[in-house]
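These notes are about the structure you will find just below.
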Number of protein chains: 2
Amino acid sequence: MSTVSKARPGGRSARIQEAVHDAVRSLQASSSRDAITVPLIAARAGVTPSTIYRRWGDLAALLSDVAADRFRTPESPAETGSLRGDLLAWAAQFIEEMGSTPGRGYIIDVVAGDSTGANTGACVNYARSALKEIFGRAPDAGLRDLEDALDRLVAPMMYRIIFDSDRIPSGYSTTLVERYLAAHPT
Amino acid sequence: MSTVSKARPGGRSARIQEAVHDAVRSLQASSSRDAITVPLIAARAGVTPSTIYRRWGDLAALLSDVAADRFRTPESPAETGSLRGDLLAWAAQFIEEMGSTPGRGYIIDVVAGDSTGANTGACVNYARSALKEIFGRAPDAGLRDLEDALDRLVAPMMYRIIFDSDRIPSGYSTTLVERYLAAHPT
DNA sequence: CCTCCAAAAGCAACTTCTTCGCGTTAAGGT
DNA sequence: ACCTTAACGCGAAGAAGTTGCTTTTGGAGG
């Protein structure tokens, strides 16, 4: 017996979880944030509200799970041929996506409804795996410290997105990357 | 006529706001997080629930305001006689307070219930004013860039507190301060 | 292949929270 | 002292959240 997450992927649990997640995403695409309620989601997913309450506890926890799923599939950062280019492109895209209104909303969903730390952890690992892949392409790969890069690149971006998203200067990601590279020359 | 925030400080609005805020703080001190409801707060504050709903909209917004208030009174950072000492002491205390279970909870309250950005903004200014005061004591005060210090000190601490609070290494604040000072020698 | 078991979903009644219209109160201006 | 307006109290109606019990379902063992 292998350590599959919960039940077989085709089991009833999995089907319902997917139906509910789909319902949330679908509502998020077409409704304003505070118009989304558990009974609404349940209706669209074809389940009863009590199912959702029993499995997730409350709306915040469900939204956190759904949002975290968006960060659970690590996408490969664009490959430009140089470390600087890869970092610049990745950081710019990070600010672009995460700093957008929906992006910021998903981040807040993850944080606000996460009781175990699993979802916030997934966010950090999402960033870690992207940086790891970029560093893996560079010749001095082994020398670069992921946590240091998180501190210098991801943390400032996240901080500004969460606390001051309206005043992020254009070129902010570039500033951070250049600052990082200056501290860790190739 | 002066531009007082809303009504006179002694007015009814102000009295009720304070009663409600006090009720929230009092409940937070004695109840678990998810046991706090609007009707409960209303009862303790001696107002009707509809007053709270009309003024704040929902529980999240109220909690955000209450939590932001904790960051609205800038406290003077300890004075140690040196820039390094001041920064080390301040950063250590920051991690200590904000990284604690209640501290993290207040941060998340601020973020989760803030629709206008006023409360997250207050958080950033809280950090800014502390750093500003510390820098103001140093001889090269004018040379130091507050935003740069936010990026290098506050952002990493906040990022770790929010996303990975269980795994913040001891001495993390020291690492960040030393790294900052190395980049900006006196 | 059939039967049994446990976990999870459905159902329905109940409680609690949230919204809203309307009358009342209180603060500030004339 | 009176008037205006913004905010609160009250109560009813509606929506959301909770819970015990029954039913379904997927997997395990015979």
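Residues meeting the side-chain contact (heavy atoms from CB on, under 4.5 Å) test with Arg137(B), sequence neighbours left out: Pro77(B), Glu79(B), Asp86(B), Glu133(B), Ile134(B).
The residue from Arg25(B), Arg33(B), Arg104(B) that alone fulfils the salt bridge (Lys or Arg N to Asp or Glu O under 4.0 Å) condition with Asp109(B) is Arg33(B).
The ring pair (Phe, Tyr, Trp, His ring centres under 6.0 Å) analysis of residues 122-148 of chain A, with sequence neighbours excluded, yields the pairs Phe71(A)-Tyr126(A). Judged as a ring pair (Phe, Tyr, Trp, His ring centres under 6.0 Å), not a single pair has a partner in residues 101-121 of chain A (not counting sequence neighbours). Annotation: salt bridge (Lys or Arg N to Asp or Glu O under 4.0 Å) contacts involving residues 170-186 of chain A, sequence neighbours excluded, comprise Arg84(A)-Glu178(A), Arg179(A)-Asp148(B), Arg179(A)-Asp151(B).
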Under 3.5 Å between N/O atoms: give me all the protein pairs with nucleotides 21-24 of chain C, atom names plus distance.
residue: dG21(C); atom: O6; partner: Arg54(B); partner atom: NH2; Å: 2.5

Close N or O pairs between protein and nucleotides 14-17 of chain C (under 3.5 Å):
residue: dC17(C); atom: OP1; partner: Thr37(B); partner atom: OG1; Å: 3.2

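Here the C1' atom of nucleotide dG9(D) and the CD1 atom of Ile52(B) are 13 Å apart, to the nearest Å. Following rounding to the nearest Å, Trp56(A) (CH2) and dG17(D) (P) show an atom-to-atom distance of 15 Å. Ile16(B) has its CD1 atom 17 Å from the P atom of dA6(D), to the nearest Å. The distance from atom CZ of Arg15(B) to atom P of dT25(C) is 15 Å, rounded to the nearest whole Å. Atoms CD (Gln17(B)) and P (dA6(D)) sit 18 Å apart, rounded to a whole Å. Between the CG atom of Asp34(B) and the C1' atom of dA16(D) there is a distance of 16 Å, rounded to whole Å.
Not a single donor-acceptor contact under 3.5 angstrom links the side-chain atoms of Arg12(B) to the base of dA27(C).
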Please output the side-chain donor-acceptor pairs of residues 113-124 of chain A that fall under 3.5 Å, not counting sequence neighbours, one pair per line with the distance.
residue: Asp114(A); atom: OD1; partner: Gly117(A); partner atom: N; Å: 3.3
residue: Asp114(A); atom: OD1; partner: Asn119(A); partner atom: N; Å: 3.4
residue: Asp114(A); atom: OD2; partner: Gly117(A); partner atom: N; Å: 3.3
residue: Asp114(A); atom: OD2; partner: Asn119(A); partner atom: N; Å: 3.2
residue: Asp114(A); atom: OD2; partner: Thr120(A); partner atom: N; Å: 2.9
residue: Asp114(A); atom: OD2; partner: Thr120(A); partner atom: OG1; Å: 3.1
residue: Thr116(A); atom: OG1; partner: Ala118(A); partner atom: N; Å: 3.1
residue: Asn119(A); atom: OD1; partner: Arg72(A); partner atom: NH2; Å: 3.0
residue: Asn119(A); atom: ND2; partner: Ser64(A); partner atom: OG; Å: 2.8
residue: Asn119(A); atom: ND2; partner: Asp65(A); partner atom: OD1; Å: 2.8
residue: Thr120(A); atom: OG1; partner: Gly117(A); partner atom: O; Å: 3.2
residue: Thr120(A); atom: OG1; partner: Phe163(B); partner atom: O; Å: 3.4

List the atom pairs, with distances to 0.1 Å, where a side-chain N or O of residues 90-98 of chain B and a protein N or O form a donor-acceptor pair under 3.5 Å, not counting sequence neighbours.
residue: Gln93(B); atom: NE2; partner: Glu97(B); partner atom: OE2; Å: 2.8

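By the 4.5 Å heavy-atom criterion applied to side chains, Asn125(B) and Arg128(B) are counted as neighbours.
Side-chain contacts under 4.5 Å among hydrophobic residues (ILVMFWY), followed directly or transitively, place Ile16(A) together with Val20(A), Val24(A), Leu27(A), Ile36(A), Val38(A), Leu40(A), Ile41(A), Val47(A), Ile52(A), Tyr53(A), Trp56(A), Leu59(A), Leu62(A), Leu63(A), Val66(A).
Regarding contacts with the backbone of dA9(C), a side-chain N or O of Arg55(A) is found under 4.0 angstrom from either OP1 or OP2.
In the set dG10(C), dA7(D), dA8(C), the nucleotide with an atom closest to the side chain of Thr51(A) is dG10(C).
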